[in-house]
Structures are given as C-alpha cells and as structure tokens.
Visitor: 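Here you go, one structure.
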Amino acid sequence: MACKLVTLFFFVNLLMQIPKVRATVPAIIVFGDSTVDPGNNNQVSTVLKSNFEPYGRDYYGGQPTGRFSNGRIATDFISEALRIKPAIPAYLDPKYDIEDFATGVSFASAGTGYDNATSDVLSVIPFWKELEYYKEYQNKLRKHLGKDEANQRFSESLHLISIGTNDFLENYYILPTRSSEYSVDEYQSFLIGIASNFIRELYKLGARKVVIGGLPPMGCLPLERTTNMFFGSDCINEYNDVAKDFNKKLQGAVTELKQELGGIHLVMSSPYDKLMEMIRNPSHFDVAYSTAMR
C-alpha cells in the first residue's frame with residue numbers, strides 16, 4: 001500500500017506539471033524503482049518480485065504483472081492521461097517488442113537506487129544499467145522507425161524518473177558501508193550528483209522533456225512506522241527531515257541543469273507535501289486511504 005500511495009501522489013503532482021512539458025508527447029520513457037517498475041524484476045534473479053497474488057488483483061484480467069500494486073501504477077495512468085496507451089510495458093518482458101515500446105517503455109527495477117550499492121542489496125538492476133538499456137532501445141527504435149523519426153521521438157517523449165527512497169531505507173540506514181563513508185548531508189549530495197549526471201546523459205541522448213520525482217515523507221511509510229513500535233509507531237521524523245533536505249537539494253540541481261542544458265524542459269515532481277497532508281489530515285481524504293496509513 002505504501003508504494004501505491006507514493007505513486008498516487010507522484011502521479012497527481014506530475015499531472016499538475018504536465019503543462020510545463022506539454023506539446024507532442026508520443027511516448028513515455030521511464031526510469032526508477034518499484035514505484036514505476038511494471039515487471040522488469042520478473043526477469044531478474046532477485047527475491048524482490050511481485051509476480052504473485054494479491055498483486056495485480058485489480059489489473060486487467062486480475063493477474064499479477066510484476067507491478068508493486070494491486071492494479072496499474074502511476075506511469076500507466078500518466079500514459080492514459082496523455083492518450084497514448086493504458087499501460088507502460090517492462091523493457092525486459094518477452095511478451096513485448098520494439099513496436100510495443102515505440103509508444104512507451106519502462107526500464108525501472110524495484111529495489112534499485114541512485115547508488116550502485118543500493119541495487120546490490122537485493123541484486124536488482126542498477127540505475128546505470130537502466131541507461132544502458134535505454135541506449136539499446138534507441139538503437140532498436142532507429143531501426144524500426146528510421147533514424148530521423150526516432151530521434152524526433154526521443155526529443156518529444158516524456159522521460160520520467162522516480163527513485164531515491166531505497167538509497168536511504170535499504171542502504172544508508174541499514175548497512176554500515178555508506179554511513180561510515182558519508183554524513184547524511186554528504187550522501188545526499190552524492191546522490192544528487194548521480195541524478196544530475198543521469199539527466200545530462202539523457203540530454204546527450206536526445207531527451208528534452210524530463211520529470212524527476214523527489215522523495216516522499218519516507219519516515220511515514222507503513223514499514224518504517226511498524227518498525228518504530230517502541231515510539232508508538234509514529235513517523236520517523238529524522239527520515240522525513242532527510243527527505244525534505246534531499247528535495248531542496250534536488251530542486252536546486254534541477255534549477256542549475258535548466259540553465260546548463262539549453263532547450264531542456266525539466267521539472268521536479270514531489271509527492272512529499274500531498275502525502276504529508278493526507279497523514280496529518282486523514283479526514284480530508286477518502287477513508288480507504290486514510291485508514292491505510294494508520
């Protein structure tokens with residue numbers, strides 16, 4: 001449920017940002033973690049999969065797809081809202097080919113993070129590998145559509161990035177390596193550097209419409225509140241403060257990149273405030289969601 005709530009608010013906030021990157025959007029290109037993985041982990045040797053019930057019970061046909069949700073995920077709804085198609089396929093899913101991917105594809109892998117060490121925790125696809133898959137995809141699309149048409153599609157497609165929570169909750173605060181190497185502030189800057197370079201690489205590859213998601217109030221996610229039982233299962237404020245600080249740094253990086261990369265339409269989407277508002281004022285929202293966060 002935590003994943004669904006985060007993706008819900010990522011979706012809502014992102015739709016508010018769409019006018020900033022509007023014009024023709026022929027495809028949705030997705031990078032990230034479980035919030036936007038439609039099933040790539042099904043093809044990876046990892047325990048982190050969602051290809052079993054009750055996942056997928058509200059998806060088409062009621063079957064699990066590898067999405068960490070009871071149904072569709074945020075990027076599926078975004079694609080539908082832009083009148084492209086109702087669901088974004090996983091790049092590694094053998095059921096699909098380049099014709100399916102021409103209007104949208106996800107390279108995301110549940111459990112991954114900006115930091116390579118995060119993907120090592122559960123042996124999932126590292127962030128850099130998602131970019132390599134994108135390059136491979138570009139070559140395939142050029143052969144499928146022709147070089148000029150494919151390059152135009154890359155520049156007009158909406159590139160979405162949703163990642164970062166696992167770097168803290170599965171890596172920094174759990175394992176000793178990064179916390180012994182970096183202070184929290186230094187680790188945030190380390191991750192921001194990776195995010196910035198990733199966007200620069202996308203730009204070099206022809207991407208001009210990019211949306212990057214910030215962190216949610218990760219100290220309020222159900223798992224974190226459950227493990228905080230000795231303090232009444234309250235939100236872990238330290239984690240929330242880290243998320244807020246990270247988002248400020250990320251917004252600053254986005255501002256700098258917009259000045260550096262001519263012609264890029266780059267915005268940051270953050271689920272933090274909306275999700276925090278729901279937690280603090282559950283009566284203002286649908287009971288199903290307010291109950292889920294208790």
Side-chain angles (χ1 to χ4, degrees), residues 1-14 16-17 32-37 48 50 54-55 68-70 73-74 110-115 117-118 121-122 161-176 178-179 182-192 195 212-253 268-294:
M1 181 59 74
C3 176
K4 179 170 181 170
L5 289 168
V6 172
T7 55
L8 170 68
F9 286 107
F10 176 78
F11 163 61
V12 171
N13 189 268
L14 194 146
M16 295 170 63
Q17 303 285 350
D33 56 23
S34 63
T35 55
V36 289
D37 180 2
L48 193 57
S50 57
Y55 293 113
F68 284 74
S69 172
N70 60 296
I73 54 179
T112 200
Y114 289 113
D115 188 354
T118 302
V121 174
L122 292 170
I161 305 168
S162 177
I163 195 170
T165 303
N166 295 323
D167 289 304
F168 293 97
L169 300 186
E170 291 185 11
N171 184 356
Y172 189 85
Y173 285 113
I174 299 297
L175 304 177
R178 290 308 192 199
S179 58
Y182 300 100
S183 67
V184 173
D185 181 72
E186 290 170 340
Y187 191 59
Q188 289 173 337
S189 297
F190 170 68
L191 299 180
I192 295 295
I212 185 167
L215 298 182
M218 55 190 182
C220 293
L221 296 180
L223 178 60
E224 306 313 312
R225 294 178 68 174
T226 299
T227 56
N228 197 32
M229 65 180 71
F230 293 112
F231 296 93
S233 296
D234 290 335
C235 297
I236 301 176
N237 291 327
E238 177 188 356
Y239 292 0
N240 288 347
D241 290 341
V242 168
K244 287 189 290 186
D245 290 343
F246 179 89
N247 290 345
K248 289 178 183 177
K249 289 183 174 70
L250 183 60
Q251 184 60 68
M268 174 184 163
S269 173
S270 175
Y272 189 97
D273 291 337
K274 279 296 182 183
L275 188 52
M276 202 66 211
E277 182 184 351
M278 187 190 71
I279 295 167
R280 290 172 175 166
N281 301 292
S283 62
H284 296 175
F285 296 82
D286 185 276
V287 65
Y289 291 110
S290 62
T291 301
M293 293 303 297
R294 291 176 182 167

Visitor: Nearest 0.5 Å please: distance from the CE atom of M218 over to the CG atom of L169.
Guide: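 Here the interatomic distance stands at 5.5 Å.
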Visitor: Among all residues two or more places apart in sequence or in another chain, which pass the salt bridge (charged side-chain N to carboxylate O under 4.0 Å, His left out) test with D273?
Guide: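 Listed in chain order: nothing, the list is empty.
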Visitor: Treating D115 as the side-chain partner and D167 as the backbone partner, does any N or O pair qualify as donor plus acceptor under 3.5 Å?
Guide: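 Absent.
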Visitor: Are F168 and I174 side-chain neighbours, meaning at least one heavy-atom pair lies under 4.5 Å?
Guide: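 No; the side chains remain at least 4.5 Å from each other.
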Visitor: Using side chain to side chain donor-acceptor pair (under 3.5 Å) as the criterion, list what pairs up with Y239, not counting sequence neighbours.
Guide: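 Expected list: none.
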Visitor: Could you grab the distance from atom CG of L48 to atom OG of S34, nearest 0.5 Å is fine?
Guide: 7.0 Å
Visitor: With side chains defined as the heavy atoms from C-beta onward, is the minimum distance between T112 and T118 less than 4.5 Å?
Guide: no
Visitor: Where the side chain of N70 meets the backbone of Y55, is there a donor-acceptor pair that is under 3.5 Å apart?
Guide: no
Visitor: Quick check against the 3.5 Å criterion: does E186 have a side-chain atom that pairs as donor or acceptor with the backbone of S183?
Guide: yes
Visitor: Are any non-hydrogen side-chain atoms of C220 and N240 less than 4.5 angstrom apart?
Guide: yes
Visitor: Identify whether the distance between the nearest side-chain nitrogen and carboxylate oxygen of K249 and D185 falls below 4.0 Å.
Guide: yes
Visitor: Can you tell me how far apart CG (L250) and OG (S270) are? Round to the nearest 0.5 Å.
Guide: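 Taking CG in L250 and OG in S270, the distance rounds to 9.0 Å.
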Visitor: Does the side chain of N166 come within less than 4.5 Å of Y114's, by heavy atoms?
Guide: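 The answer is no; the side chains never approach within 4.5 Å.
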Visitor: Is any side-chain heavy atom of P216 closer than 4.5 Å to one of T165?
Guide: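 Side-chain contact under 4.5 Å: yes.
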Visitor: Quick one, I236 and Y173 - any side-chain contact, counting heavy atoms below 4.5 Å?
Guide: no
